[in-house]
Trainee: 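Before we start, here is the structure in question, set down as structure tokens.
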Amino acid sequence: MSGSELSVVVASVNGLPYLEACLEALEHHAPEAEVVVADWTDEATRALVALRWPSVKLLSFTEPMTVPELRAAGIFAASAPYVALIEDHCNVLPGWSERLLAAHRAGHAVVGGSIRNAETERSRDWAAFFCEYSRYMEPSPAGPVDDLPGMNVSYDRAALAAIDDLLREGRWESWLHARLLERGFELWCEPEAVLDHAKDFGFREFLSQRYHYSRAYAGMRNPDLGSRRAVYAIGAPLIAPLMVWRIARTVLARRRHVREFALAAPLILLYSAVWSLGEAIGYILGGGRSLLRVR
């Protein structure tokens, strides 16, 4: 046992310099937390972690692992009463761990926070941020919500026990949080538990990410859909305008980054169209190995 009240699990798939910045932020802003890094990148990354942060619990994998599998491995290795999940491109901000713990101590089993964009110089960075994290951008609503991010969320042990089988299956947070809601758990948003999304996706890189993420997502849904897969595949083109509309609605409602959204809108539409294509192919052909390509 670490003696810490909070364990922080870092899924590491991008390597340096992202993981280095992530661990520096945790060192400064969550110094009391037990940190668990689940990594499958390379030996150089793991050697730096072992040298600079010897107290970090480092899980090394030589075979490719998906992000949900890395999260699960970290959760099972964590020892604190509360376990928070972030990723290597996330940098926690001052007060992050304190806000999560305060919400847990107040009786909330599942707590998530806001996500801020740290890559602000290019429209492509804003487009990636809006596509991935607009639902969680500031100012997030405080209180019970029906959705929380998968990489700024913390669970108590009762909540983790309720999703143990889904973690072992390598499921994304949409499955985990749906199960928790079904079993009577509340998803609580603590908007001041903020972290920075600090990954600069190249244009082609993010196109690839959209395709592989959506194909993997559809493939994971297929066993539950059965013969309805064909209907979902046919309807997939409708996803793109729906996604753009939802992003626009959120940006306008929160009155944040409206100009950045307007400038990034063409890219957002393109990225959403690629997501639609990936879902369609996933429903038809399955997820293939796309989940291993998600960063």
Side-chain angles (χ1 to χ4, degrees), residues 13-14 18 67 86-91 93 112-142 145-153 172-174 177 189 191 194-218 221 232-283 290-291 293-295:
V13 296
N14 292 291
Y18 296 105
V67 171
I86 65 173
E87 293 173 13
D88 54 7
H89 59 86
C90 301
N91 301 329
L93 297 179
S114 304
I115 299 173
R116 185 179 296 171
N117 186 24
E119 297 290 339
T120 61
E121 294 184 1
R122 292 173 288 265
S123 288
R124 77 181 191 203
D125 297 320
W126 279 108
F129 174 78
F130 287 129
C131 287
E132 292 271 15
Y133 305 118
S134 59
R135 288 173 294 174
Y136 317 113
M137 61 183 276
E138 299 173 293
S140 297
V145 293
D146 59 8
D147 183 33
L148 287 173
M151 36 69 87
N152 187 14
V153 64
W172 286 106
E173 62 272 8
S174 52
H177 295 167
C189 180
V194 185
L195 59 72
D196 275 341
H197 158 67
K199 181 164 173 47
D200 171 23
F201 284 103
F203 173 68
R204 292 183 180 179
E205 180 186 13
F206 197 69
L207 283 176
S208 174
Q209 286 294 294
R210 289 281 86 187
Y211 170 79
H212 287 296
Y213 194 169
S214 59
R215 180 174 177 180
Y217 171 78
R221 295 185 71 191
Y232 278 74
I234 294 170
L238 300 176
I239 295 173
L242 179 61
M243 293 180 78
V244 176
W245 176 77
R246 286 176 173 171
I247 294 170
R249 181 183 61 180
T250 299
V251 170
L252 293 174
R254 300 190 185 181
R255 299 180 181 180
R256 287 282 183 94
H257 310 309
V258 176
R259 178 179 178 275
E260 289 82 359
F261 169 77
L263 292 173
L267 279 177
I268 293 171
L269 181 57
L270 176 59
Y271 292 153
S272 300
V274 171
W275 178 282
S276 299
L277 174 64
E279 272 209 43
I281 292 176
Y283 292 131
S290 281
L291 190 52
R293 304 283 295 275
V294 176
R295 298 292 185 273

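Nothing fancy with the numbering, it's 1 onward along the sequence.
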Trainee: Ring centroid separation for Phe130 and Trp126, is it under 6.0 angstrom?
Mentor: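 Yes, close enough.
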Trainee: Evaluate side chain to side chain contact (heavy atoms under 4.5 Å, CB included) for Leu270 paired with Arg210, printing each intermediate quantity in order.
Mentor: CA-CA 10 Å; Leu270 176 59; Arg210 289 281 86 187; over 6 Å; no
Trainee: Is the closest side-chain heavy-atom distance between Trp172 and Val294 below 4.5 Å?
Mentor: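 Yes, close enough: below the 4.5 Å cut-off.
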Trainee: How are the rings of His257 and Phe129 set relative to one another: parallel (under 30°), tilted (30 to 60°) or perpendicular (over 60°)?
Mentor: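 If you compare the ring of His257 with that of Phe129, the planes turn out perpendicular.
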Trainee: Before you tell me yes or no, could you show the steps for Cys131 and Phe206 under side chain to side chain contact (heavy atoms under 4.5 Å, CB included), namely the whole-Å CA-CA distance, both residues' side-chain angles and the distance that decides it to 0.1 Å?
Mentor: CA-CA 10 Å; Cys131 287; Phe206 197 69; 4.1 Å; yes
Trainee: Rounded to the nearest 0.5 Å, what's the gap from NE2 on His177 to CG on Leu148? Could you check?
Mentor: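 Taking NE2 in His177 and CG in Leu148, the distance rounds to 5.5 Å.
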Trainee: I need the minimum non-hydrogen distance between Glu279 and Ala218, along with the two atoms involved.
Mentor: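 Shortest heavy-atom separation between Glu279 and Ala218 comes out as O-CB, 3.5 Å.
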Trainee: What is the minimum heavy-atom distance between Ala264 and Ser123, and which atoms define it?
Mentor: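 Nearest pair, atom of Ala264 first, then Ser123: CB-O, 3.7 Å.
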Trainee: What heavy-atom pair brings Ala198 and Tyr18 nearest, and what distance separates the two atoms?
Mentor: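 Shortest heavy-atom contact: O-CE2, 3.3 Å.
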Trainee: Let's go through Ile239 and Ser272 carefully: what are the C-alpha distance in whole Å and the side-chain angles of both, what is the deciding distance for side chain to side chain contact (heavy atoms under 4.5 Å, CB included) to 0.1 Å, and is it a yes or a no?
Mentor: CA-CA 7 Å; Ile239 295 173; Ser272 300; over 6 Å; no
Trainee: Do Arg116 and Leu93 have side chains that get closer than 4.5 Å, going by heavy atoms?
Mentor: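 Yes, at least one pair of side-chain atoms sits under 4.5 Å.
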Trainee: Salt bridge or not between Lys199 and Glu132? Use side-chain N to carboxylate O under 4.0 Å.
Mentor: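 So Lys199 does not pair with Glu132 through a salt bridge.
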Trainee: To the nearest 0.5 Å, how far apart are CZ in Arg256 and OG in Ser134?
Mentor: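 One finds 14.0 Å between CZ of Arg256 and OG of Ser134.
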Trainee: What is the ring orientation for Tyr271 with Phe203, classed by angle as parallel under 30°, tilted 30 to 60°, or perpendicular over 60°?
Mentor: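 Ring orientation, 0 to 90° scale: tilted.
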Trainee: Enter the distance from Thr250:OG1 to Phe261:CZ here, rounded to the nearest 0.5 Å.
Mentor: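 If we round to the nearest 0.5 Å, Thr250:OG1 and Phe261:CZ are 9.5 Å apart.
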Trainee: How many angstroms lie between atom OG of Ser114 and atom OH of Tyr133, to the nearest 0.5 angstrom?
Mentor: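 Rounded to the nearest 0.5 Å, the OG-OH separation comes to 14.0 Å.
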Trainee: Going by an N to O cut-off under 4.0 Å, is there a salt bridge joining Arg124 and Asp200?
Mentor: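 Asp200 and Arg124: salt-bridged.
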Trainee: For residues Val194 and Ile115, determine if any side-chain heavy atom of one lies less than 4.5 Å from a side-chain heavy atom of the other.
Mentor: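 Val194 does not reach Ile115 side chain to side chain.
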Trainee: Which atom names give the shortest non-hydrogen contact between Ser208 and Arg293, and what distance separates them?
Mentor: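 In this case the closest contact between Ser208 and Arg293 is OG-NH2, 4.2 Å.
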Trainee: For Arg246, is the CZ atom crowded, meaning more than 12 foreign heavy atoms sit under 6.0 Å from it?
Mentor: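 For Arg246, atom CZ is not crowded (no more than 12 foreign heavy atoms under 6.0 Å).
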Trainee: Any chance CZ of Arg254 has more than 12 other-residue heavy atoms, nucleotides or ligands included, within less than 6.0 Å?
Mentor: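 Enclosed: over 12 neighbouring heavy atoms sit under 6.0 Å from CZ of Arg254.
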Trainee: If I take atom CZ from residue Arg295 and atom CD from residue Glu87, how far apart are they, to the nearest 0.5 angstrom?
Mentor: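 Result: 11.0 Å between the selected atoms.
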Trainee: Mind checking the CE-CD1 spacing from Met137 to Ile247? Nearest 0.5 Å is all I need.
Mentor: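 That separation rounds to 10.5 Å.
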Trainee: I need the minimum non-hydrogen distance between Cys189 and Pro141, along with the two atoms involved.
Mentor: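 That closest heavy-atom pairing would be SG-O, 2.9 Å.
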Trainee: Are any of the side-chain heavy atoms of Asp147 and Tyr136 separated by less than 4.5 Å?
Mentor: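 Yes, their side chains come closer than 4.5 Å.
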Trainee: Testing the basics here: between Leu267 and Ala127, what is the closest heavy-atom pair and its distance to 0.1 Å?
Mentor: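 Taking every non-hydrogen atom into account, CB-CB, 3.7 Å.
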Trainee: I'd like to check Leu252 versus Val258 (side-chain heavy atoms, cut-off strictly below 4.5 Å). Are they in contact?
Mentor: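 Of all side-chain heavy-atom pairs linking Val258 with Leu252, at least one is under 4.5 Å.
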Trainee: Here's a test for you: under side-chain hydrogen bond (donor to acceptor under 3.5 Å, both in side chains), which of Tyr213, Tyr217, Tyr211 qualifies with Arg215?
Mentor: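 Of Tyr213, Tyr217, Tyr211, side-chain hydrogen bond (donor to acceptor under 3.5 Å, both in side chains) with Arg215 is met by Tyr211 alone.
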